[in-house]
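Notes to accompany the following structure.
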Amino acid sequence: MQPSLTSVALLALSLATVILLALLIGTGAWLLALLDGASMPTSILRGGAAFGRALTLLLALLALIISMFAWPKR
């Protein structure tokens with residue numbers, strides 16, 4: 001069975017939302033580290049780490065949600 005165009009579009013929109021949210025979290029961590037007095041390289045490192053962690057967590061959550069809806073109904 002081929003996926004419908006609606007499900008593909010919804011998946012693409014969900015992935016874009018997850019990436020943008022992780023980018024927002026990483027930017028926030030960078031800014032907070034910079035305001036805390038950390039040097040620019042340290043701030044960028046903290047922002048990148050927060051982005052990676054948030055992206056991992058959000059993609060795992062998205063995979064869980066997709067698997068819940070893809071589970072065969074009885």
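Sequence positions, counted from 1, serve as the residue numbers for this chain. Every value quoted in this text rests on a predicted model; they were computed, and no experiment measured them.
Listed here is the closest heavy atom pair of S43 and A33: OG-C, 3.6 Å. Taking each heavy atom of A38 and R46 in turn, the nearest pair found is CB-NH1, 4.0 Å.
Pairs passing the side chain to side chain donor-acceptor pair (under 3.5 Å) check and including a residue from residues 49-69, sequence neighbours excluded, do not occur. Among residue pairs with one or both ends in residues 17-40, those qualifying as side chain to side chain donor-acceptor pair (under 3.5 Å) are S39-T42; sequence neighbours excluded.
The side-chain contact (heavy atoms from CB on, under 4.5 Å) check on I65 picks up L61, F69, with sequence neighbours excluded. In this view, L31 and L35 satisfy the side-chain contact (heavy atoms from CB on, under 4.5 Å) rule, not counting sequence neighbours.
In this structure, CG in L15 is found 11.0 Å from CG in L58, a value given to the nearest 0.5 Å. Put simply, CD1 on I25 and CG on L55 are 9.5 Å apart, with the number rounded to the nearest 0.5 Å.
Considering only heavy atoms from C-beta on, I44 stays 4.5 Å or farther from L34 through its side chain.
Taking Ile, Leu, Val, Met, Phe, Trp and Tyr as members and joining any whose side-chain heavy atoms lie under 4.5 Å apart, directly or through other members, L13 forms no hydrophobic cluster with any other residue. Connectivity analysis of hydrophobic side chains (ILVMFWY, heavy atoms under 4.5 Å, direct or indirect) links V8 to nothing; its cluster partners are none.
L62 and L23 fall within the same hydrophobic cluster, defined by Ile, Leu, Val, Met, Phe, Trp and Tyr side-chain heavy atoms under 4.5 Å apart, directly or through other members. Put simply, V18 and L57 are part of two different groups of oily side chains (I, L, V, M, F, W, Y) that touch within less than 4.5 Å, one to the next.
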